[in-house]
Engineer: 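Please see the structure below; I have some questions.
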Protein chains: 2
Amino acid sequence: MIQAHAVRLFVERGYDATTVTEVAEAAGVSPMTVYRHFPTKEDLVLVDQNKQLVAERIVATSTDQPLVRRIGDALIDSAATLVSRGYGNDPEENTQFLLARLRLMISTPALRAKHLDNNYALQQAIVDALGGDAGDDDIAFNAHAAASACLAAMHTALVRWAEDDGQTELPDMIAKALTAAFGDEVVGTGADGQE
Amino acid sequence: MIQAHAVRLFVERGYDATTVTEVAEAAGVSPMTVYRHFPTKEDLVLVDQNKQLVAERIVATSTDQPLVRRIGDALIDSAATLVSRGYGNDPEENTQFLLARLRLMISTPALRAKHLDNNYALQQAIVDALGGDAGDDDIAFNAHAAASACLAAMHTALVRWAEDDGQTELPDMIAKALTAAFGDEVVGTGADGQE
DNA sequence: TACTGTAGTGTTAGTCACTAACACATTGGT
DNA sequence: ACCAATGTGTTAGTGACTAACACTACAGTA
C-alpha cells in the first residue's frame with residue numbers, strides 16, 4: 001500500500017522531488033513506518049529480483065550445457081514465471097505497476113545504480129547455484145564472468161521492454177538480448193521452450 | 001590531494017564511518033571546497049572511466065569484426081593504456097592507489113552501485129561510438145546488449161585483478177573474462193596483441 | 001476478567017550528505 | 001591601479017536516515 005502511493009507520487013512529481021515524508025502522508029502513516037517497511041527510499045521502487053527463483057532454475061539446468069546457456073535459460077524462465085504469476089492482483093494492473101517501477105528505475109540515477117548493484121547480488125547467487133565458489137578459483141572466475149554478462153544482457157532487455165511499454169514478451173526480449181551478445185548457438189528459448 | 005587524503009581515511013576507518021568534514025579537515029580545506037572538486041562523496045573514490053579513450057578505440061576497430069570482438073579489443077586496449085601511463089607520478093604508487101580505490105569500490109555498496117551506474121554511461125558511449133544509435137532500433141539493441149555484456153565481463157576482471165593485488169596483468173585478465181563469457185573465437189588479445 | 005508478550009506504530013532528537021547564496025582573497029591581464 | 005575570473009570560506013538550510021523510547025492492538029493464557 002505504501003509502495004503504491006510512493007510509485008504514484010514519484011511518477012507524478014519525480015523521484016527526487018518527492019520526500020519520504022510526503023509518501024508517508026499520502027499513505028496515512030508516519031515517516032518512521034515507511035522506513036521500517038522499506039529501509040531506503042530506493043526500496044520503495046526497486047523490483048524484487050527473486051534470487052531464490054533464479055537459483056532454483058539454475059540448479060535445474062543440465063550441467064552438460066555451457067555456462068551462458070544454463071544461466072540464460074534460467075533467466076528467461078524466471079522472467080516468464082515472474083510476469084505470468086504477477087503479485088496476486090489483476091495481471092494487467094500488475095504489469096503496469098511493474099512498468100512504472102522499471103521506468104523510474106531506468107531514468108533515475110539513484111535507482112538505476114542501486115538496481116545494478118542488486119543485480120550484482122543476483123550474480124553471486126547464480127554463481128553459488130552453479131557451484132562456482134566451491135573449489136577452483138578459475139571455475140569461479142568463469143562463472144562470475146558468464147553470470148555478469150548474462151545479467152547485463154538481461155538488463156538491456158528490461159530497458160527495451162519498458163521502452164516498448166510491455167508490448168513485447170519479456171522472455172523473448174531476454175532471449176533476443178542474449179542472442180545479440182552471445183550468438184545463436186549458445187542461447188535457447190527457455191528450459192521448456194521449443195527450439 | 002584531497003582525494004589522496006580521502007582514500008587514506010576511507011581505508012583506515014571505513015567509507016561510511018568517515019565524514020566529508022573529516023576528509024576536508026585532513027586535507028586542510030573547508031567541506032565546501034571538497035564538494036566543489038568532488039560533487040559527491042562517492043566521487044572521491046570512483047576511478048576515471050575515460051569514456052573518450054574507449055570510444056576512440058572503438059572507432060579504430062574494424063567494422064568487419066563482430067561487435068563483441070570490437071568492444072572487447074577496445075576495452076583491453078584502453079586498460080593497457082590506463083595502467084601503463086598512470087597519472088603522472090610514480091607508476092608503482094599509482095597502481096597501489098588504483099588498487100585501494102578498486103577495493104573500496106568493490107566492498108562498499110554505495111560505491112559499487114555508483115560505479116556500476118558509471119559503467120552504464122560508458123555503455124552508452126560505446127554504443128554511440130559503434131554508431132548504434134544512429135538508425136535501426138534493432139541495431140541499437142544489439143549494440144547495447146553486446147556492450148553491456150562486455151562491460152560486465154570487464155568488471156569481473158577488475159574484481160579479480162584487485163583480489164590478486166594487481167599481481168596479474170589487467171588487460172590479460174579482461175581478455176580472460178571475455179573468453180570465459182563469449183568463447184575463444186570471438187575474443188582477441190587487444191588491437192595490437194599477438195594472436 | 002486480568003496478565004503478558006509481541007508486533008506495529010508514533011515521537012523526538014539527532015547525524016550527515018548535499019545545496020544555495022553571499023562574501024572574501026588571489027591571480028593574471030590591461 | 002583596475003578589472004575579471006577563479007578558488008575559497010561561511011552560513012543556513014533541506015532531506016535521508018538512525019537510535020531510543022513510549023504507546024497501542026491483539027494474541028494466547030490462566
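The sequence lines fix the lettering, A, B, ..., with proteins before strands; numbering per chain opens at 1. Small disclaimer: the values here were computed from a predicted structure and weren't measured.
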Engineer: B/Met1 has an atom CE; how far is it from atom C1' of D/dT8, in whole Å?
Structural biologist: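 Value for this atom pair: 17 Å.
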
Engineer: Which nucleotide in the set C/dC18, D/dG9, C/dC16 lies at the smallest distance from any side-chain heavy atom of B/Lys41?
Structural biologist: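 That would be C/dC18.
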
Engineer: Assign the ring pair B/Phe182 / A/Phe182 to parallel, tilted or perpendicular, where the plane angle (0 to 90°) is split at 30° and 60°.
Structural biologist: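 Ring orientation, 0 to 90° scale: parallel.
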
Engineer: In whole Å, I'd like the distance from the OH atom of B/Tyr35 to the P atom of D/dT8.
Structural biologist: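 The answer, rounded to whole Å, is 16 Å.
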
Engineer: If each of A/Asp16 and B/Val34 is mapped to the nucleotide of DNA chain D with the nearest heavy atom, which maps nearer the 5' terminus, i.e. the 5' end?
Structural biologist: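 It is B/Val34, whose closest nucleotide lies nearer the 5' terminus.
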
Engineer: Between C/dG10, D/dT8, C/dA17, which nucleotide gets closest to the side-chain atoms of B/Val20?
Structural biologist: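 Looking only at side-chain atoms, B/Val20 lies closest to C/dA17.
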
Engineer: Would one find a side-chain N or O of B/Thr40 under 4.0 angstrom from OP1 or OP2 of C/dA17?
Structural biologist: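 Result: no.
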
Engineer: Rounded to whole Å, how long is the line connecting atom NZ of B/Lys114 with atom C1' of C/dA17?
Structural biologist: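 In whole Å, C/dA17 C1' lies 12 Å from B/Lys114 NZ.
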
Engineer: Between B/Lys41 (side chain only) and B/Thr18 (backbone N and O only), is there a donor and an acceptor less than 3.5 Å apart?
Structural biologist: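 Indeed, once roles are kept as given, a pair shorter than 3.5 Å links the two residues.
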
Engineer: Verify side-chain hydrogen bond (donor to acceptor under 3.5 Å, both in side chains) between A/Gln124 and A/Asp128, making sure each step is shown before the conclusion.
Structural biologist: CA-CA 6 Å; A/Gln124 186 63 57; A/Asp128 289 345; 3.2 Å; yes

Engineer: When the nearest nucleotide of DNA chain C is assigned to B/Arg36 and to B/Glu42 on a heavy-atom basis, which residue is associated with the more 5' position?
Structural biologist: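 Going by which nucleotide is closer to the 5' end, it is B/Glu42.
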
Engineer: Starting at CZ of B/Phe38 and ending at P of C/dA17, how long is that distance when rounded to a whole Å?
Structural biologist: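 Taking atom P of C/dA17 as the reference, CZ of B/Phe38 is at 15 Å.
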
Engineer: Does the side chain of A/His37 get closer than 4.0 angstrom to OP1 or OP2 of C/dG8 through an N or O atom?
Structural biologist: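 Result: no.
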
Engineer: Whole-Å distance between D/dG15 P and A/Arg13 CZ?
Structural biologist: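 Atom CZ in A/Arg13 sits about 12 Å away from atom P in D/dG15.
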
Engineer: Quickly work out the B/Phe10 CZ to C/dC16 C1' distance and round it to whole Å.
Structural biologist: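 Value for this atom pair: 13 Å.
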
Engineer: Please report the distance, rounded to the nearest Å, between CE in A/Met32 and C1' in C/dA13.
Structural biologist: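 It is 12 Å, rounded to the nearest whole Å.
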
Engineer: Would you find a donor on one side and an acceptor on the other, under 3.5 Å apart, between the side chain of A/Thr108 and the backbone of A/Met105?
Structural biologist: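 No, A/Thr108 side chain to A/Met105 backbone: no donor-acceptor pair under 3.5 Å.
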
